[in-house]
Number of protein chains: 2
Amino acid sequence: MRKQDSTNARNEELILRNCGMAYTLHVIGGRWKASILYNLLEGRMRYNELRRAIPGVSERMLVAQLRELEEHGLVKRNVFPEVPPRVEYELTELGKSTEAMLQCMSAWGNMHRQKEQVVAAQ
Amino acid sequence: MRKQDSTNARNEELILRNCGMAYTLHVIGGRWKASILYNLLEGRMRYNELRRAIPGVSERMLVAQLRELEEHGLVKRNVFPEVPPRVEYELTELGKSTEAMLQCMSAWGNMHRQKEQVVAAQ
DNA sequence: TTAAGTACTAACAAAAAAGTAAGTATGCGA
DNA sequence: TCGCATACTTACTTTTTTGTTAGTACTTAA
């Protein structure tokens, strides 16, 4: 839960208003969101498929991150009224619009991580 | 301080190893880093210049975020042995190499934020 | 002589994010 | 009828991040 009247919350709002980059970080930042988006870029997936595809994620965290992505309009949740239940997650158009950006971030990250390993090995 | 043996810390390490995107988020994510990088892309700046340019940041946080950027090799700290002291911060080559990515994130963020405001106004 | 400016640091407190454990309802196969 | 599978939810604890306050040492201007 957020406290509306904390300096922390006010600072975040302030930055989100002024800085598109911070806004992006706010939307796609979060421990498991990169992994979720990465998987969904390949196509729709069921809840438990995602869970198995992302090692280490707990149910609570997976749901929480999916809900946040849904709130921000990147992910759509489709519920099929079946038994056993079936819920599929897929990217919205807005979600898909992140692809180029995410690839850019992925490429930069992979490159940078390599450099760090070279330095650490010396 | 990080606890090396927490699930939290282990999960983060796991993700950083496997996902370039998560690595990038780890390096440029943090409340004030977007603002710092944005300012330094224009050229070198003194500590207090940065502080005045970033409304809301406290000294402790500004220093902490600068140190992290320095550790990751994005920012260089230049100390001039003068009185009063002068310390200038500037982007390294690696820091500059983020420019295209940051602009991409900035553009996406600005676009998405606009959409959200349109939706909220209805 | 007092205040302001320089660039910080340290000890601490508050807030937010992440993780743990157990429980929900339903149906199917053994 | 026991356990497993589906897709979660709730209450709670731990860890991490962010913010607060006061202090450092030096110089110049009022």
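A note on names: the letters A, B, ... follow the listed sequences, proteins ahead of strands, and every chain is numbered from 1. In what follows, every heavy atom counts, from backbone to side chain, and hydrogens, waters and symmetry copies are set aside.
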Novice: When you compare the side chain of A/Q114 with that of A/N110, does any pair of heavy atoms fall below 4.5 Å?
Specialist: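 With C-beta onward as the side chain, the pair stays apart.
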
Novice: Can you tell me the distance, in whole Å, between the CD atom of A/E82 and the P atom of D/dA5?
Specialist: 19 Å

Novice: Would you check if there is a donor-acceptor pair between the side chains of B/S97 and A/W108 at a distance under 3.5 Å?
Specialist: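 A/W108 vs B/S97: donor-acceptor pair found between side chains.
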
Novice: Need one value for B/A64: base, sugar-phosphate or nothing, where a base atom within 4.0 Å counts as base even if backbone is also close, heavy atoms only.
Specialist: nothing

Novice: From D/dC8, C/dC8, C/dA15, pick the nucleotide closest to the side chain of A/Y89?
Specialist: D/dC8

Novice: Where along residues 21-30 of chain B does a heavy atom come under 4.0 Å from DNA chain C, residue by residue in number order?
Specialist: none

Novice: Do the side chain of A/R60 and the base of D/dT10 come within less than 3.5 angstrom through a donor-acceptor pair of N or O atoms?
Specialist: no

Novice: Do other residues, nucleotides or ligands put more than 12 heavy atoms under 6.0 Å from B/R44 CZ?
Specialist: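 For B/R44, atom CZ is not crowded (no more than 12 foreign heavy atoms under 6.0 Å).
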
Novice: Taking only the side-chain heavy atoms of A/V63 (C-beta and beyond), determine which of D/dT9, C/dA16, C/dA7 contains the nearest atom.
Specialist: D/dT9

Novice: Does any residue of residues 40-50 of chain A have a heavy atom under 4.0 Å from DNA chain D, and if so, which ones, in number order?
Specialist: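 Those residues are A/R46, A/Y47, A/N48.
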
Novice: Looking at CE of B/M101 and OG1 of B/T24, how far apart are the two atoms once the value is rounded to the nearest 0.5 Å?
Specialist: 5.0 Å

Novice: Kindly say if A/Q65 contacts the phosphate of C/dA17, meaning a side-chain N or O under 4.0 Å from OP1 or OP2.
Specialist: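 No, outside the criterion.
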
Novice: Scan A/T7 against the nucleic acid and name what it touches under 4.0 Å (heavy atoms): base, sugar-phosphate only, or nothing.
Specialist: sugar-phosphate

Novice: Measure CG/A/L66 against P/D/dT9 and give the value in whole Å, please.
Specialist: 11 Å

Novice: Could you walk me through whether A/E99 and A/K96 pass salt bridge (Lys or Arg N to Asp or Glu O under 4.0 Å), step by step?
Specialist: CA-CA 6 Å; A/E99 180 156 16; A/K96 286 175 194 160; over 6 Å; no

Novice: Once you round to the nearest 0.5 Å, how far does CD1 of A/I28 lie from CG of B/L25?
Specialist: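 Going from CD1 on A/I28 over to CG on B/L25, the span is 5.0 Å.
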
Novice: To the nearest Å, how far apart are A/E13 CD and C/dA16 P?
Specialist: 11 Å

Novice: Take the protein atom CG of A/N78 and the nucleotide atom P of D/dC8, then report the distance between them rounded to whole Å.
Specialist: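 The distance from CG of A/N78 to P of D/dC8 comes to 11 Å, rounded to the nearest Å.
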
Novice: Has B/R52 got a side-chain N or O lying under 4.0 Å from the OP1 or OP2 atom of C/dT6?
Specialist: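 Checking C/dT6 against B/R52, a side-chain N or O does come within under 4.0 Å of OP1 or OP2.
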
Novice: Examine D/dG19: is either OP1 or OP2 under 4.0 Å from a nitrogen or oxygen in the side chain of A/N11? Give yes or no.
Specialist: yes

Novice: Under 3.5 Å, which donor-acceptor pairs do the side chains of residues 72-84 of chain B form with other protein atoms, sequence neighbours left out?
Specialist:
| from | atom 1 | to | atom 2 | distance (Å) |
| --- | --- | --- | --- | --- |
| B/H72 | ND1 | B/E68 | O | 3.1 |
| B/K76 | NZ | B/N78 | OD1 | 3.2 |
| B/R77 | NE | B/Y89 | OH | 3.4 |
| B/N78 | ND2 | B/E90 | OE2 | 3.0 |
| B/E82 | OE1 | B/R86 | NE | 3.3 |
| B/E82 | OE2 | B/R86 | NH2 | 2.9 |

Novice: Using the closest heavy atom to pick a nucleotide of DNA chain D for each, name whichever of A/R67 or B/G56 lands nearer the 5' end.
Specialist: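 Per heavy-atom nearest nucleotide, the more 5' residue is A/R67.
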
Novice: Could you state the interatomic distance from CG (B/L69) to CG (B/L94), rounded to the nearest 0.5 Å?
Specialist: 10.5 Å

Novice: Less than 4.5 Å apart, any side-chain heavy atom of A/E59 and any of A/L62?
Specialist: no

Novice: Nearest-nucleotide wise, let me know which of B/W32 and B/P84 is further upstream toward the 5' end of DNA chain D.
Specialist: B/W32

Novice: Between atom CD1 in B/I54 and atom P in C/dA7, what is the gap in whole Å?
Specialist: 14 Å

Novice: Reckon A/S6 touches a base, only the sugar-phosphate, or nothing at all at heavy-atom distances under 4.0 Å?
Specialist: sugar-phosphate

Novice: Does the B/R113 side chain pair with the main chain of A/L16, one donor and one acceptor, at a distance under 3.5 Å?
Specialist: yes

Novice: For A/R67 and A/E71, what are the C-alpha separation, side-chain angles and deciding distance, and is it a salt bridge (Lys or Arg N to Asp or Glu O under 4.0 Å)?
Specialist: CA-CA 6 Å; A/R67 292 288 179 277; A/E71 266 179 50; over 6 Å; no

Novice: D/dG19 P sits how many Å from B/L62 CG, rounded?
Specialist: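 Between P of D/dG19 and CG of B/L62: 12 Å.
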
Novice: Taking for each residue the nucleotide of DNA chain C bearing the nearest heavy atom, is the 5' side occupied by B/R10 or by B/P85?
Specialist: B/P85

Novice: Is the shortest side-chain N/O distance from A/R86 to OP1 or OP2 of D/dC8 below 4.0 Å?
Specialist: no

Novice: What integer distance in Å separates B/E59:CD from C/dA10:P?
Specialist: 14 Å

Novice: Once you apply a heavy-atom cut-off of 4.0 Å, does B/F80 come out as touching a base, just sugar-phosphate, or nothing?
Specialist: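 Result for B/F80 = nothing.
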
Novice: Indicate, with a heavy-atom threshold strictly under 4.0 Å, whether A/E88 touches base, sugar-phosphate, or nothing.
Specialist: nothing

Novice: Rounded off to whole Å, could you give me the CZ-to-P distance for the B/R77 and C/dA7 pair?
Specialist: 10 Å

